[in-house]
Participant: 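First the structure, then my questions, so here it is.
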There are 2 protein chains.
Amino acid sequence: MAIHGARGRSGGRPTLEEVAARAGVGRGTVSRVINGSPRVSDATRAAVEAAVAELGYVPNTAARALAANRTDAIALVVPEPETRFFAEPYFSDMLKGVGAELSDTEMQLLLIFAGSDRERQRLAQYLAAHRVDGVLLVSVHADDPLPDLLAQLEIPAVISGPRSAAETLTSVDSDNYGGARSAVEHLLARGRRTIAHITGRQDVYGAQRRVDGYRAALRDSGHEVDERLIEPGDFTEGGGRRAMAALLDRCPHLDAVFAASDVTAAGARQALRDAGRRIPDDVALVGYDDSAIARHMDPPLTSVRQPIEEMGRAMIDLLLTEIADRRPTVSRDLERRQLVLATELVPRTSS
Amino acid sequence: MAIHGARGRSGGRPTLEEVAARAGVGRGTVSRVINGSPRVSDATRAAVEAAVAELGYVPNTAARALAANRTDAIALVVPEPETRFFAEPYFSDMLKGVGAELSDTEMQLLLIFAGSDRERQRLAQYLAAHRVDGVLLVSVHADDPLPDLLAQLEIPAVISGPRSAAETLTSVDSDNYGGARSAVEHLLARGRRTIAHITGRQDVYGAQRRVDGYRAALRDSGHEVDERLIEPGDFTEGGGRRAMAALLDRCPHLDAVFAASDVTAAGARQALRDAGRRIPDDVALVGYDDSAIARHMDPPLTSVRQPIEEMGRAMIDLLLTEIADRRPTVSRDLERRQLVLATELVPRTSS
DNA sequence: AGGTACTGTGGGAGCGCTCCCACAAGTGAT
DNA sequence: ATCACTTGTGGGAGCGCTCCCACAGTACCT
């Protein structure tokens with residue numbers, strides 16, 4: 001942990017040159033050892049490593065960045081205010097995966113919030129200065145200009161949750177379609193016949209896919225899709241409550257509800273209670289996200305779990321590949337990479 | 001936001017040199033304008049600024065760092081695992097203050113977790129490489145070697161919550177002594193006469209100061225300090241419960257309790273309930289931190305608020321000063337700076 | 001008139017690396 | 001013995017800045 005040994009004449013930190021002198025080799029050779037090049041004999045490598053240890057040499061990042069034109073840093077950009085970042089476990093889980101995958105790398109992770117216009121401005125400057133080798137983008141809205149800025153600056157980037165089926169950036173997503181399917185299939189398997197769906201905001205691609213999955217599950221099991229059973233929500237509790245009330249009004253005979261998020265389900269539950277319907281006796285309820293809310297709801301809520309941590313890991317993998325790819329060759333034929341990870345239904349007593 | 005205008009021949013980003021050529025001035029002059037030196041005529045400044053805008057020039061951070069031997073970055077080091085960071089509002093509040101104070105600076109903030117040994121190792125490397133100009137240290141335990149490492153590497157640092165009265169690092173703290181005093185004085189003013197204290201972990205300096213404040217408040221108002229009314233706790237709920245039980249056993253006539261944290265108070269409340277004591281009718285209860293727990297307790301808990309966000313701001317102020325101070329002169333006579341911010345009692349129904 | 005001081009400016013040197021070319025020494029085929 | 005590679009190595013050039021010295025120009029004193 002401690003830095004030991006003698007220093008260069010100036011009292012500052014040792015340089016490559018000093019290590020080279022100590023090991024009795026040239027500058028280039030030390031550089032090769034430091035960077036793990038295979039073109040060094042074992043004896044030389046050992047000598048250099050000894051000199052590095054004796055002097056407590058640590059490479060100067062700035063010099064390296066200047067000479068090699070890379071920063072060895074990537075940014076996790078959160079286009080939200082800090083508050084939401086801390087409030088939602090989504091980010092914390094993702095950060096855990098990202099951190100884990102990065103931990104055996106030399107890469108440094110920067111966390112950048114871009115909630116306000118001011119922060120956006122700063123971020124743009126930051127990216128223009130190419131202060132990171134790549135960017136991880138989470139929770140981006142459909143009309144966000146950030147992805148385009150990144151493309152224009154030719155900065156490698158990976159987005160979690162593509163903006164549409166035609167997303168141009170490399171993306172990682174969970175299987176919203178399959179997740180929704182499994183929720184509906186679960187309800188069908190439990191004998192439910194009239195299954196309603198409260199959707200998420202339809203300008204979010206993932207929410208659209210959940211509707212698609214809902215439809216497909218019904219059709220594939222020979223049921224007809226009744227459009228009156230699909231009610232728009234907005235991922236909020238209030239939205240869930242209102243949507244549920246509307247559904248009960250329109251189709252009082254429904255016996256199950258698939259909500260596009262746990263928070264939405266919480267709102268729906270309230271409306272169901274107000275209408276005197278028991279869960280799951282009268283109406284079965286399934287949510288999405290498998291958040292803390294689901295576990296603590298009364299009754300505990302069946303929900304679809306997304307592998308957020310794994311998504312974080314995958315994003316790093318893809319980003320590092322992308323960064324590595326663009327280094328030697330000029331071939332820009334990087335085909336679109338879109339990774340979709342499986343979800344998992346977590347059954348609880350609400351269904 | 002967009003980068004417009006022509007570039008240098010190579011298609012890369014424009015350099016200082018190119019801006020100089022375009023503005024018809026020398027390299028040094030452009031550098032002076034960029035860095036806001038006053039030694040530039042207004043006309044020249046305008047010409048350079050125009051050239052900068054036309055070319056979309058953004059300084060190369062690596063080159064600047066190499067030449068000037070600074071990084072324009074500071075690290076917020078959290079010697080805890082990520083999990084605790086997200087769980088405790090303390091960090092989020094502090095981050096808010098830090099971010100706000102930094103927002104009109106060129107400084108970049110890095111968030112570094114050093115919970116595991118592995119991460120510690122990385123951090124040591126990171127600091128040895130002088131990749132930041134300064135460090136903010138939060139939530140450090142008494143025996144942590146990190147402060148010494150920072151001192152050894154001569155990296156400017158500010159610590160929140162000094163490790164002892166003899167803290168060598170510049171520190172920012174809330175007034176634990178005064179906070180405890182105000183809590184006890186509040187109880188006295190409400191007519192309580194037998195006031196117990198459940199302490200925090202005594203290897204935490206702040207907890208010691210709270211005991212001091214408790215004692216002083218009693219003495220200064222002419223009361224004798226009964227040592228049997230002081231029971232050690234450890235900031236946990238279980239500790240609070242056990243301590244409360246012990247106190248009730250030993251001094252059943254007590255009519256008030258000052259707990260060293262809200263969580264401790266929550267534990268104490270439980271023990272009081274179990275013993276059939278009503279709050280505040282039989283026993284008044286005061287906590288410390290003014291956390292969410294305090295607001296949601298039944299009954300709502302009177303607590304001592306610490307100005308965490310302000311502490312974050314103050315830490316940045318001090319750190320920036322420290323960084324600036326060490327730049328030109330070699331005079332290392334920086335006297336110890338210890339800032340203490342006032343706390344505030346938030347009265348609720350528990351007392 | 002000469003001296004002194006300050007202002008504004010240009011550009012050389014150098015920060016500590018990586019990249020790459022040059023080259024010595026070894027290896028094996030001809 | 002010659003050529004053609006391969007392997008390992010040294011060190012020049014250059015990345016884009018900042019720092020600082022030099023110097024022209026102006027202003028204000030003697």
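Chain letters run A, B, ... following the sequence lines, proteins first, then strands; residues in each count from 1.
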Participant: Would you say the side chain of A/I323 lies within less than 4.5 Å of the side chain of A/I74, judging by non-hydrogen atoms?
Facilitator: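 A/I74 vs A/I323: side chains touch.
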
Participant: Just the atom pairs and distances: protein N or O near nucleotides 25-27 of chain D's N or O, under 3.5 Å.
Facilitator:
none

Participant: Determine all donor-acceptor pairs shorter than 3.5 Å in which one atom belongs to a side chain in residues 96-106 of chain B; sequence neighbours excluded.
Facilitator:
unit_1 : atom_1 : unit_2 : atom_2 : d
B/E101 : OE1    : B/R313 : NE     : 3.3
B/S103 : OG     : B/A100 : O      : 2.9
B/T105 : OG1    : B/L102 : O      : 3.2

Participant: If an axis is fit to five pairs at each end of the helix from C/dA1-D/dT30 to C/dT30-D/dA1, what is the angle between the two, to the nearest 10°?
Facilitator: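 If I round to tens, the end axes sit 50° apart.
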
Participant: By nearest nucleotide on DNA chain C, pick out whichever of B/A68 and B/R45 is the more 5' one.
Facilitator: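 Mapping each residue to its closest nucleotide by heavy atoms, the 5'-most match is B/R45.
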
Participant: Are any non-hydrogen side-chain atoms of B/N60 and B/T15 less than 4.5 angstrom apart?
Facilitator: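 No; the side chains remain at least 4.5 Å from each other.
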
Participant: Any side-chain N or O of B/N35 under 4.0 Å from OP1/OP2 of D/dT18?
Facilitator: yes

Participant: Expressed as a whole number of angstroms, how long is the span from B/N60:CG to D/dG16:C1'?
Facilitator: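 Atom CG in B/N60 sits about 6 Å away from atom C1' in D/dG16.
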
Participant: What is the distance, to the nearest angstrom, from the CD atom on B/E18 to the C1' atom on D/dC17?
Facilitator: 13 Å

Participant: Quick test of your reading: applying side-chain hydrogen bond (donor to acceptor under 3.5 Å, both in side chains), list the pairs with at least one residue in residues 138-148 of chain A, sequence neighbours left out, ordered by first then second residue.
Facilitator: A/E80-A/S139, A/R120-A/D144

Participant: For B/I34 and D/dT18, give me the distance from atom CD1 to atom C1', rounded to whole Å.
Facilitator: 13 Å

Participant: Taking only the side-chain nitrogens and oxygens of A/S31, find out if one of them lies under 4.0 Å from OP1 or OP2 of C/dC17.
Facilitator: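 No.
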
Participant: Would you mind reporting whether B/L339 and B/D173 have side-chain heavy atoms less than 4.5 Å apart?
Facilitator: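 Heavy-atom side-chain distance check fails, nothing below 4.5 Å.
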
Participant: Within the distance-only criterion (no hydrogens, no angle test), does the side chain of A/R32 pair as donor or acceptor with the backbone N or O of A/R39 below 3.5 angstrom?
Facilitator: no

Participant: What is the distance, rounded to the nearest whole Å, between atom CG of B/L66 and atom P of D/dC19?
Facilitator: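 B/L66 atom CG is separated from D/dC19 atom P by 12 Å.
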
Participant: Mind calculating the distance between CG (B/N69) and P (D/dC20) to the nearest angstrom?
Facilitator: 12 Å

Participant: Please check this pair: side chain of B/R27 against backbone of B/A20, looking for a donor-acceptor N/O pair closer than 3.5 Å.
Facilitator: no

Participant: Round to a whole Å and report the spacing from CZ of B/R70 to C1' of C/dC15.
Facilitator: 13 Å

Participant: Quick one: does A/D133's side chain have a donor or acceptor within less than 3.5 Å of a partner on A/D72's backbone?
Facilitator: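 Answer holds: yes.
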
Participant: List every contact pair, protein side and nucleotides 10-14 of chain D side both N or O, where the distance is under 3.5 Å.
Facilitator:
unit_1 : atom_1 : unit_2 : atom_2 : d
D/dG10 : OP1    : A/G26  : N      : 3.4
D/dG10 : OP2    : A/G26  : N      : 2.6
D/dG10 : OP2    : A/T29  : OG1    : 2.6
D/dG10 : N7     : A/R32  : NH2    : 3.1
D/dG12 : N7     : A/R27  : NH2    : 3.2
D/dG12 : O6     : A/R27  : NH2    : 2.7
D/dA13 : N6     : A/R27  : NH2    : 2.8

Participant: Using side-chain heavy atoms (C-beta onward) and a distance below 4.5 Å, is A/D317 in contact with A/V172?
Facilitator: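 Heavy-atom side-chain distance check fails, nothing below 4.5 Å.
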
Participant: Measure CD/A/E17 against P/C/dG16 and give the value in whole Å, please.
Facilitator: 10 Å

Participant: Given C/dG8, C/dC17, D/dT9, identify the nucleotide with an atom nearest to the side chain of B/R39.
Facilitator: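 Nucleotide nearest to B/R39's side chain: C/dG8.
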
Participant: Quick one: side chain to side chain donor-acceptor pair (under 3.5 Å) partners of B/Q108, sequence neighbours excluded?
Facilitator: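 A/Y126.
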
Participant: For residues A/R45 and A/E49, determine if any side-chain heavy atom of one lies less than 4.5 Å from a side-chain heavy atom of the other.
Facilitator: yes

Participant: Between A/I34 and A/V52, is any pair of side-chain heavy atoms under 4.5 Å apart?
Facilitator: yes

Participant: Side-chain N or O of B/S41 versus OP1/OP2 of C/dT9: is the shortest distance under 4.0 Å?
Facilitator: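 Yes.
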
